[in-house]
Amino acid sequence: MRCLPAIVICVLLSAVPAAAAHAPAPYPLTAALQPSSAASTAGSHAAPGASASAPAASGSTTTEGPIPVPPSSVPPAGRRLSANQVLAIAAALPKMRALRAEYPGSYGGAYLKQPFHWQVSYFSRNGKKEIGQVIIDDLSGRVLEQWTGFQVAWTMARGYSGAFGRHVNALYIWLPLCLLFILPFLDFRRPLSLLHLDLLVLLLFSVSLAFFNHAHIYASVPLAYPPLLYLLARMLALLRRGRRGDEEPAHPAPPRRLHLLVPAPWLALGVIFLLGFRIGLNVTDGNVIDVGYAGVIGAQRIVDGKPLYGSYPSDNEHGDTYGPANYEAYVPLEQIAGFSGTWDDLPAAHAASVFFDVLAVALLFLLGRRMRGPTLGVALAYAWVSYPFTLFALESNSNDTLVAVLVLAALLAATYRSRAATAARGGLAALAGLTKFAPLALAPVLATHGLWEDRGPGSARRRVRALALFAVGFAATAAVAMIPALAHDSLHTIYERTIAYQANRGSPFSVWGLYGGLGDAQLGVELAAVALALALAVLPRRGDIVGLAAACAAVIIAMQLGIEHWFYLYIPWFFPLVMIAVLGRFSDPAEPPAAAASEPARSSLPAAALST
């Protein structure tokens, strides 16, 4: 189909998140990541709560935080405008007049913002809720920003340039990455291949991100769901068995060969080049958001023998919302790179993010090599280093790549047939769940992998033994991982600071939080996700690694469809699993034609677990 290249280019052009074209002038990083506050701060993934207190309230402030100024016609030292002047400028804005009419009895307060800016905050009658905010330039008196609704509390919804991902959002980086990602997998002999559609849908998240970068949240949020729903349906479709019945065919049809537009050796060079580019960009340009900051704080607390939960710094008050394995993973890097105790450049967070990224590339190569050969391994590694959203996570120095690494390691363990590998799979499943809790839903699918393919004599006994090994590995690893937390905190404290907090926080970054009033529908989606995780664990499905990857991706996507706070950093959780599922169906181009079936496996786990 000759129009395919044009379609690809059109999709990529529409998908580019041109953040620099519209976003307001950037503020210091900490301000861009935190719910805005006239007297308090919180993390970018935190529920905003009461984002500001009344102007009369006292409290400590930081050099970057807003400093309250009482009404006066005399400008403060070093300023051109007075508090009364900026209050008058804000009050004359039609948007603020309409807001105050909507909230009778509301009032405003003036605050100094660095550098040379003023902030006017409007509060409800009782002073408990900040309902509007205006940013004014002191030198010119020009209104720079005006915000109402959830964008008052959630500054990450304001489209500040570079707050997440820094320059990866720029046209000259994002667009080439999109082209590099899809180009090697184009097959012009099969223009209507589903693989082309799969790759385009993975890039379609860029459209949502573009609106997010322009602060159009009512467009960005709903636009994230069509790709999620497509990928969920696609993964479920890949779970179908190739043949109905209880017995596998004696001579299964060989899988279609993986077509690469670029030879594998050149693709391997591309992996090395792009990996170096990613690391260099992280070191020179990446910023550390609250998530990476929290990891370093927790690592230092573990080393110092302090409680892991509670009493986090005021600039990352809810940084203890993750599982203990998250903080433990940062310990070696925190010990090597150090930590000043403040939200500075945080070299330990940079080192951890780079380490997680390199691990993801290595694991994808090893998985592909064990499944189909080195060409698939190179293709999977290339997909990771060229996909813009994995670089988005790396540039933000978040902990989300760690989730992908642990799930990929569990899949790699599933390619081995030993008892130790089964126990290791359970241990890795526990670590993934104790990093961010949603991956706990993968435990049933990982536990039962390959069991239903074993139908020979003594299969029931082998199934019980495999489940027991998985359970022992899971429980033992979870117990060890919980030691630093339970040494100082009770289970109740850990639950309240993590699961309870995450369950109760509000967020505009999902259809559930943005529109409201959808609690019953959200509960239905959440229950359906749990039911899907259990069903995929017990119902007959494709039994190889492609099937396992597709099942894990389906469960993760289903869980993400029901959560209150969804963000683009979560895409790397399922992206490598999707790529394994869609590329793993193909054989290595270097393989000779399929020979006769090999002799039956002598292990308790079936050979089908490694083939299609």
Side-chain angles (χ1 to χ4, degrees), residues 29-30 33-34 41-46 279 282-283 286-360 393-407 409 427-428 430-437 439 477-490 493-495 497-499 501-502 569 572-573:
L29 175 62
T30 53
L33 294 178
Q34 300 162 3
T41 57
S44 72
H45 288 271
I279 295 173
N282 175 276
V283 172
N287 61 300
V288 180
I289 64 172
D290 62 335
V291 178
Y293 179 30
V296 178
I297 295 172
Q300 186 186 54
R301 287 181 166 228
I302 292 173
V303 173
D304 294 343
K306 296 180 179 179
L308 190 53
Y309 294 93
S311 302
Y312 268 49
S314 60
D315 58 357
N316 202 354
E317 182 182 357
H318 293 285
D320 57 351
T321 189
Y322 308 110
N326 172 71
Y327 308 104
E328 291 159 3
Y330 280 81
V331 169
L333 287 310
E334 189 272 336
Q335 288 293 285
I336 294 172
F339 177 40
S340 67
T342 61
W343 197 343
D344 53 18
D345 289 338
L346 292 172
H350 283 270
S353 297
V354 170
F355 180 62
F356 300 153
D357 196 63
V358 173
L359 274 181
L394 177 61
E395 275 284 87
S396 300
N397 288 283
S398 72
N399 58 8
D400 297 279
T401 301
L402 177 59
V403 176
V405 164
L406 293 170
V407 175
L428 290 163
L431 290 176
L434 291 177
T435 298
K436 290 194 169 182
F437 297 103
T477 304
V480 173
M482 290 295 293
I483 290 176
L486 292 176
H488 303 280
D489 301 301
S490 66
T493 298
I494 297 171
Y495 172 80
R497 299 295 299 181
T498 58
I499 297 174
Y501 166 73
Q502 293 188 34
L569 295 172
W573 295 16

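These values consider heavy atoms only, across backbone and side chains, with no hydrogens, waters or symmetry-generated copies.
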Can you name the nearest heavy-atom pair linking Tyr312 to Tyr327, along with the distance? OH-CE2, 3.8 Å

From CG (Leu431) to CG (Leu406), nearest 0.5 Å: 5.5 Å

Side-chain contact test, heavy atoms from C-beta onward, threshold under 4.5 Å: evaluate it for Phe339 versus Leu346 and give yes or no. yes

Do Thr342 and Asp315 come close enough that some side-chain heavy atom pair is under 4.5 Å? no

Residue pairs, two or more places apart or on separate chains, that pass salt bridge (charged side-chain N to carboxylate O under 4.0 Å, His left out) and touch residues 334-353: none

Minimum heavy-atom distance between Ala294 and Gly319, given as atom pair plus value: CB-O, 3.2 Å

Quick one: does Leu569's side chain get under 4.5 Å of Val291's, heavy atoms only? no

In Å and rounded to the nearest 0.5 Å, what is the OG1 to CG distance from Thr401 to Asp357? 6.0 Å

Tabulate below the donor-acceptor pairs under 3.5 Å that side-chain atoms of residues 296-308 make, not counting sequence neighbours, or state none.
| residue | atom | partner | partner atom | Å |
| --- | --- | --- | --- | --- |
| Arg301 | NH1 | Pro307 | O | 2.9 |
| Arg301 | NH1 | Gly310 | O | 2.8 |
| Arg301 | NH2 | Ser311 | O | 2.4 |

Closest non-hydrogen atom pair between Ala349 and Val288, with its separation: CB-CG1, 3.7 Å

Given the rule in the ring-ring contact (aromatic ring centres under 6.0 Å, His included) test, do Tyr293 and Tyr330 qualify, once you have shown the distances and angles that lead to the verdict? CA-CA 10 Å; Tyr293 179 30; Tyr330 280 81; over 10 Å; no

Going by the angle between their ring planes, with limits at 30° and 60°, are Tyr501 and His318 parallel, tilted or perpendicular? parallel

From Phe356 CZ over to Leu333 CG, what is the distance, rounded to the nearest 0.5 angstrom? 6.5 Å

Flag if over 12 foreign heavy atoms under 6.0 Å of CZ, Phe437: yes

What residues form a ring-ring contact (aromatic ring centres under 6.0 Å, His included) with Tyr309, not counting sequence neighbours? none

I'd like to check the salt bridge (charged side-chain N to carboxylate O under 4.0 Å, His left out) partners of Arg497; sequence neighbours left out, ordered by chain and number. Asp320

At their closest point, which heavy atom of Ser398 faces which heavy atom of Ile289, and how far apart are they? CB-CD1, 4.0 Å

Measure the CG-NZ distance between Asp400 and Lys436 for me, rounded to the nearest 0.5 Å. 3.5 Å

Test side-chain contact (heavy atoms from CB on, under 4.5 Å) applied to Ala337 - qualifying residues, sequence neighbours left out: Pro347, Ala348

Checking the side chain of His350 only, and the main-chain atoms of Asn397 only, is there a donor and an acceptor separated by less than 3.5 Å? no

Check whether any side-chain N or O of Trp343 sits under 3.5 Å from a backbone N or O of Asp290 as a donor-acceptor pair, and report yes or no. no

N/O donor-acceptor pairs under 3.5 Å from side chains in residues 478-486, not counting sequence neighbours:
none

